[in-house]
Amino acid sequence: MTEENTLPSNFIREAVAEDLASGRFDYIATRFPPEPNGYLHIGHARALIITFSTAAENNGFCNLRFDDTNPVKEEVEYVDAIKEDIKWLGFKWKNEFYASDYFDELYAFAIQLIKEGKAYVDEQTPDEVRENRGTLKEPGSNSPFRDRPAEESLALFERMKNGEFPDGSIVLRAKIDMASGNISMRDPIMYRILHEPPHHRTGNKWCIYPMYDFAHGQSDSIEGITHSLCSLEYENHRPLYNWFINELEIFPTRQIEFARLNLTYTVMSKRRLVRLVKEGFVKGWDDPRMPTLSGYRRRGYTPEAIRSFVEATGVAKKNSTADVGLLEHHIRQDLNIRADRRMAVLDPLKVVITNYPEDKVEMLEAVNNPEDDSAGTREIPFSREFYIERSDFHEDPPKRYFRLALGREVRLRYGYFVTATDIVRDAAGEIVEIHCTYDPETKGGYAPDGRKVRGTIHWVEANSAVPAEVRVYDRLFSVPNPMNSEDGKTFIDYINADSLATNTRVQMEPSLKHARPGDRFQFERMGYFIVDSDSTDETLVFNRIVTLRDNWARIEKERAREKMEENRRRKQEEKRRQKEMAKRK
RNA sequence: AGGGGCAUGGUGCAACGGUUAGCACACCGGCCUUUGAAGCCGUUGAUCUUGGUUCGAAUCCAGGUGCCCCUGCCA
């Protein structure tokens, strides 16, 4: 239990501890209640983690309960996907329940309230119901059917259940207060009629379905859930849930609300995610650019990284948007420790060592994971010809560029020191090959004379290289808050056109030949990658999970920014001068 | 005649009436380096506002301001 002291404090942990201390509850039970009408995203992950951890930290239990009170929206296919995602994140529920398991009990609760004069059947049209609900600033008015005798409502409700009325004709309502400042207390609808479609679990047994507000609280109560943790928008509904609990005299679940998790450069609402899929901006719910759990899974994120990220963002009642950079930090952190290193060249440029024997091939030893000795070493072939990244050679090296250039010596990782001597061009003047010489004394990358080289670059031997496809993913949106759109634009207008770049020119070291879908590697100096399920026996396909932190890229970016700024200034100056000249004339 | 919530560095959280308001990420600088990675060290930077209570307020109270949620027979 010393572990408990090290857990970061938050208002939910405090509330739960208090309830235990005060004796309000003598055990802890929570529930995760998704509606089976879409895929889980990383926003759900926070709810999932808070809910399951609250139970686990208190030796309690957590149920999985699908909120399936609306057959027109819900589908079975989502049930399995949701379960898979929860398992992937590493959580185990005690029971798998459905709100529809309680339809009989809910029906009995309704009858009880009608009999006690606390609910009534309303025959107003949907329009009338809406009009009489009032507005945010004005009270509603009572339905003409509000004070009908209980027997009448009872009979009507029975006939509702028996299918004697068409959809939308009548509803069952709680009799609370049409003048309440809280609109969810203005005689909320408890049951509505829905003849079609059949429910995914109860089929055609029912044609009346409880509203979420009449189902959720009682479902919690039936299961003995002590703490019903949910998002902020249900705060307004809490008085209603408590009203039902009091009137029905059932187990008093305590509801606690917290803020949802938002992410920069991301949209999170189900509606917008659907649009991205349906309109083909991404390839599906599990597209590696999607913030869905299945998307992150395919992208190569680990459940551990997602969990530690969510823990790091904490939980509060303040609406906030976490930096997607923090998520990236957590996946790097995790993969740094667990991913084996390999060498792969994404944008190959051939290099020939002119003083290396023609037919010689030697094996060099490379460390698999400098963070983990138990990962061991491997051998990689080296010969006269190999590939390096095009960006690792520069004709006109800028300041502080440590890589290869004519006359410059660099270290080939785990290989030799080489010095570039010549550039070979094609007819168009494009660089196609670099010639260099090597120092045979520097095998393994060490200079016996102790001389230093600043640059170490990765490489892949040409004859044994394994070609592959790499899908280079970037953020799906180009602005931090795509929802904050201006002048008639929508989030769609902020989609990053370069969020996916497919690269089929990749050359990898031969040890990668036997990589299997799901295997993750760090390609040294390039980032973390995972073998995608699209891989075939002929072609390996990798997804880029995340780049490495890259100080050099930052320097270059800063330089580019400065250049642009300078150009802008120069242009303005030019304009100003022209104006002046015109004036003078 | 409206009701409910929230406000702490750039971002996200902590501090529960009592040191110089702490942590993580980001940023900036340095060290180290056979990954411009990782690691290590350091710097900058915050209590929305106005009053009140108190010996003492980020914390309690009141007003103001700003943002979020609520007028589905959705969840």
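Model, not experiment: these values are computed from the prediction. Proteins get letters first, then strands, A, B, ... in listed order; numbering begins at 1 in each.
- Going from the P atom of B/G18 to that of B/A58 covers 10 Å, rounded to whole Å.
- Because its NZ or CZ atom is both nearer than 6.0 Å to the ring centre of A/Tyr98 and within 45° of the ring axis, A/Arg201 counts as a cation-pi partner of that residue.
- Across all non-hydrogen atoms, the minimal contact from A/Pro8 to A/Arg13 is O-NH1, 2.7 Å.
- Tested against A/Tyr209, the residues A/Tyr102, A/Tyr107, A/Phe103, A/Phe214 include a single ring-ring contact (aromatic ring centres under 6.0 Å, His included) partner, A/Phe103.
- Between A/Arg192 and the phosphate of B/C74, there is a side-chain N or O to OP1/OP2 separation shorter than 4.0 Å.
- Stretches of at least 3 consecutive Watson-Crick or G-U wobble pairs, with each checked distance under 3.5 Å, appear in RNA chain B as B:2-7 with B:65-70, B:10-13 with B:22-25, B:28-31 with B:39-42, B:48-52 with B:60-64.
- Contact check on A/Arg554 versus A/Asp550 returns no salt bridge, with no Lys/Arg side-chain nitrogen under 4.0 Å from an Asp/Glu carboxylate oxygen.
- Listed nucleotides: B/G12, B/G72, B/C28. Nearest to the side chain of A/Arg554: B/C28.
- The listed nucleotides are B/A75, B/G4, B/G36; the one nearest the side chain of A/Glu235 is B/G4.
- Looking at A/Arg451 and A/Asp439, a side-chain N of the basic residue comes within less than 4.0 Å of a carboxylate O on the acidic one, giving a salt bridge.
- Here B/A75 is the nucleotide among B/A1, B/A75, B/A14 with the atom lying nearest to any side-chain atom of A/Lys73.
- Proximity of A/Arg525 to the phosphate of B/G36: a side-chain N or O atom is located under 4.0 Å from OP1 or OP2.
- Considering only the side chain of A/Leu326, B/C25 comes nearest among B/G5, B/C25, B/A14.
- Mapping A/Gly445 and A/Asn551 onto RNA chain B via the closest heavy atom, the residue that lands nearer the 5' end is A/Gly445.
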